[in-house]
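Some notes on the structure that comes next.
Chain letters run A, B, ... following the sequence lines, proteins first and then strands; every chain starts at 1. Because the structure is a prediction, the values reported are computed rather than measured. All values below come from the heavy atoms of this structure, side chains included, with hydrogens, waters and symmetry mates left out.
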Amino acid sequence: MSLETLSDQLLAEISEILAKHPQRRPALLPILHACQRRNGYISPEIERAVAELLGIPVIDVREIITFYTLLLPKPVGKHHLQFCTNLSCHLQGAEESVAAACRRLGIEEGETTADRRFTVTTVECLGACDMAPAMQVNDDYYANMTSDRVNELLDKLS
Amino acid sequence: MEKILSKHFFNPEARRLSFYLQNDGYEAARKALTCMSPQEIIEEVMKSNLRGLGGAGFPTGRKWSFIPKDSPEPRYLVVNCDESEPGTFKDRHIIEWTPHTLLEGVMIASFAIGAHQCFVYARGEYVRYANILQTALEEAYRAGFFGKNIFGTGFDLDVMIHLGAGAYICGEESALLESLEGKKGWPRLKPPFPAVSGLFGRPTIINNTETISYVPVIIRNGGEWFSRLGSLKSGGMRLYSVSGHIRKPGVYELPLGTSLREIIYTYAEGMRNGRKLKAVIPGGSSTPVLTAQEIDVKMDFESLAAIGSMLGSAGVIVMDESACLVKALAVLGKFYQHESCGQCTPCREGTGWMTRILHRILTGRGVKGDLENLVRVANNIQGNTICALGDGAAMPMISFVTKFREEFESHIFHKRCTAVR
């Protein structure tokens with residue numbers, strides 16, 4: 001029974017979400033968000049459990065996970081550094097910050113450090129062009145990133 | 001000019017219901033629900049010339065009038081806060097600093113169209129900002145502004161905030177509806193238009209966050225008052241998001257019809273490091289680029305259309321002489337390729353082709369005919385797709401290559417970048 005994959009806490013949260021939605025399918029995105037918040041990513045086991053819970057084919061859940069970039073089918077580091085490299089951030093030199101982070105952590109863009117503490121990715125416009133170059137670490141936005149500010153931030157994050 | 005939405009930006013106190021109420025908060029909603037009929041509200045909004053500020057510029061009052069009247073069928077209001085057009089960050093400011101203004105607008109709009117359920121769809125990255133809105137909503141619920149029997153009128157309204165999960169396409173209204181229904185964001189063929197068959201097949205009005213946020217002041221001060229703030233056919237004020245090579249990036253609330261030159265040089269305090277202006281994208285990355293010679297244009301829907309561009313989301317991206325426009329366009333190409341939902345062949349394949357051509361030019365491997373091919377692909381996308389993402393990908397290609405051709409040719413034929421470093 002794949003529902004056992006989901007913790008009691010998560011199941012309670014899911015029941016709350018389902019109670020707010022008269023129909024089940026519209027609850028899928030909020031449920032996947034909840035799963036990811038609790039587990040860090042959406043494993044194949046969770047994918048199956050959610051499909052079972054909603055009574056939909058697993059492929060329907062997979063389709064959603066692969067369509068939306070914020071839903072992660074693979075684990076990322078504890079701190080997920082997401083650098084915007086779209087136009088306004090590029091104009092302010094976003095690439096320098098990405099390079100600084102990769103250099104400091106000894107990884108390439110898209111990779112996770114061996115200790116699973118950091119992942120560096122580049123993302124499309126965060127809607128924070130006033131903060132350019134902007135980045136998001138987990139839920140938080142950071143403004144005016146430079147090589148120095150990246151290093152300061154990495155010192156603070158543990 | 002007195003500010004409306006941005007008056008209390010950056011003041012965290014202004015998020016609270018108590019602060020909002022001290023500043024006449026929810027009085028416009030009270031007036032609308034207790035003293036006006038839905039028809040009167042719609043007429044007032046029509047008089048205001050308020051237009052869709054997400055980018056399309058459709059007259060808001062007219063949109064509301066499309067909702068079937070005297071039908072017992074449930075209908076919905078959906079607020080589009082999936083702000084993802086590169087260069088645009090105004091809706092984030094609204095939900096971060098003045099969430100109750102949006103919620104008051106939601107109340108008035110819902111009453112006008114007879115909706116008892118509203119969904120606010122915020123992009124997933126805005127989770128912190130959506131939480132601020134959620135806190136405001138809970139505060140308003142506790143004070144009796146939402147839920148059952150609002151102002152003792154018998155009108156019921158519930159609001160649910162829904163988070164997206166990283167997909168530019170979900171800002172397209174019908175893709176947004178699909179996403180709200182728990183599906184991937186594939187735009188729907190129109191007709192039927194959402195006002196007839198939208199969310200769960202019910203009549204639905206979808207409005208941008210900023211559009212809805214201007215509704216309370218229109219009800220408070222009257223449609224004519226609002227209309228007079230702007231230019232002839234584009235009513236009122238709007239929030240211009242200004243970014244790029246300027247001294248003071250940020251959101252500037254100004255009347256429609258303010259000149260682009262004034263926005264750049266007066267409000268954003270001009271160019272950084274004394275450099276020369278080269279190019280400006282006036283209304284979000286999808287709108288055709290302007291040259292430095294075109295910045296005397298008035299920033300309203302008609303004036304920009306007259307010079308072959310668009311006001312769009314009013315996301316102004318300013319580029320100085322240090323910007324390589326080949327690289328800039330390649331950045332945009334990659335964005336549209338990444339965000340194309342894959343439903344229509346011209347957009348799914350074309351965005352990839354254009355990006356590959358640009359990458360080739362950028363890395364010194366450009367060949368004669370590349371620019372012609374780029375424009376040909378763009379022309380084959382434009383108008384041939386279900387939604388406007390394809391047009392949004394094509395328009396920057398055509399305008400950049402047409403207006404700054406020498407810069408592209410220098411990369412292709414002389415393997416040299418002409419940007420001033």
So, the part of S179(B) with a heavy atom under 4.5 Å from chain A: the answer is both

Correct closest heavy-atom pair for T88(B) and G315(B) would be OG1-CA, 4.1 Å

>> I'd like to know if the side chain of E138(B) pairs up with that of Q134(B) as donor and acceptor (distance under 3.5 Å, no hydrogens or angles considered).
In response: yes

The interface call for K334(B) against chain A, heavy-atom contacts under 4.5 Å, is both

Q | Charged N-O contact under 4.0 Å between E83(B) and R123(B) | A | no

If one checks every heavy atom of Q82(A) against chain B at 4.5 Å, the contacting part turns out to be neither

Exercise for the section: Step through the shown structure and confirm whether more than 12 heavy atoms of other residues, nucleotides or ligands are within 6.0 Å of NE2 on H359(B). Expected result: no

field: Main-chain N/O of P288(B) paired with S399(B) side-chain donor or acceptor, under 3.5 Å
entry: no

Sorted by chain and number, sequence neighbours left out, side chain to side chain donor-acceptor pair (under 3.5 Å) with Q343(B) holds for none

For residues 56-67 of chain A against chain B, heavy atoms under 4.5 Å, the residues are E63(A), I64(A), F67(A)

If one checks every heavy atom of V318(B) against chain A at 4.5 Å, the contacting part turns out to be backbone

By residue number, those in residues 138-155 of chain A with heavy atoms under 4.5 Å from heavy atoms of chain B are D139(A), D140(A), Y141(A)

Taking every heavy atom of V316(B) against every heavy atom of P282(B), the minimum-distance pair comes out as CG2-O, 3.5 Å

d(H338(B) NE2, I169(B) CD1) to nearest 0.5 Å is 13.0 Å

Check step by step if side chain to side chain contact (heavy atoms under 4.5 Å, CB included) holds for N86(A) and L332(B). CA-CA 7 Å; N86(A) 207 300; L332(B) 295 182; 3.8 Å; yes

Chain B shares the most heavy-atom pairs under 4.5 Å, among H21(A), K20(A), M131(A), H33(A), with H33(A)

Test side chain to side chain donor-acceptor pair (under 3.5 Å) on Q136(A) and R128(B); report intermediate values, then the result. CA-CA 11 Å; Q136(A) 184 166 21; R128(B) 291 273 186 235; over 6 Å; no

For residues 24-32 of chain A against chain B, heavy atoms under 4.5 Å, the residues are R25(A), P26(A), L28(A), L29(A), P30(A)

query = Does atom CG of D8(A) have more than 12 heavy-atom neighbours, drawn from other residues, nucleotides or ligands, at distances under 6.0 Å?
reply = no

Using atom types as modelled and distance alone, determine if a side-chain donor or acceptor of S286(B) lies under 3.5 Å from a backbone N or O of G284(B).
no

Pair count under 4.5 Å, heavy atoms only, with chain A: among V251(B), D320(B), L180(B), highest is L180(B)

* Does E95(A) CD have over 12 foreign heavy atoms under 6.0 Å away? -> yes

Cut-off 4.5 Å, heavy atoms of chain A, and the answer for L329(B) is neither

Check your understanding: For L70(A), does its backbone N or O pair with a side-chain atom of Q36(A) as donor and acceptor, under 3.5 Å?
Key -> yes

Ranking S241(B), C324(B), G87(B), A323(B) by heavy-atom pairs under 4.5 Å to chain A gives rank one to G87(B)

Applying a strict 4.5 Å limit to non-hydrogen atoms, the region of C341(B) in contact with chain A is both

If one checks every heavy atom of A128(A) against chain B at 4.5 Å, the contacting part turns out to be both

Rounding to 0.5 Å, atoms OG1 (T355(B)) and CE (M397(B)) come to a distance of 5.5 Å

Under 4.5 Å to a heavy atom of chain A? For K90(B) that would be neither

Requested in this report: Would you confirm whether T113(A), through its side chain, and L105(A), through its main-chain N or O, come within 3.5 Å as a donor-acceptor pair?
Outcome: no

Bottom line for Y168(B): the part with an atom under 4.5 Å from chain A's heavy atoms is neither

For this session: Look at the rings of F146(B) and Y141(B) and say which category their plane angle falls in: under 30° parallel, 30 to 60° tilted, over 60° perpendicular.
Result: tilted

### Message
With a sphere of 6.0 Å drawn around CD of E73(B), does it hold more than 12 non-hydrogen atoms of other residues, nucleotides or ligands?
### Response
yes

*Side chain of E85(B), backbone of S285(B): donor and acceptor closer than 3.5 Å?*
yes

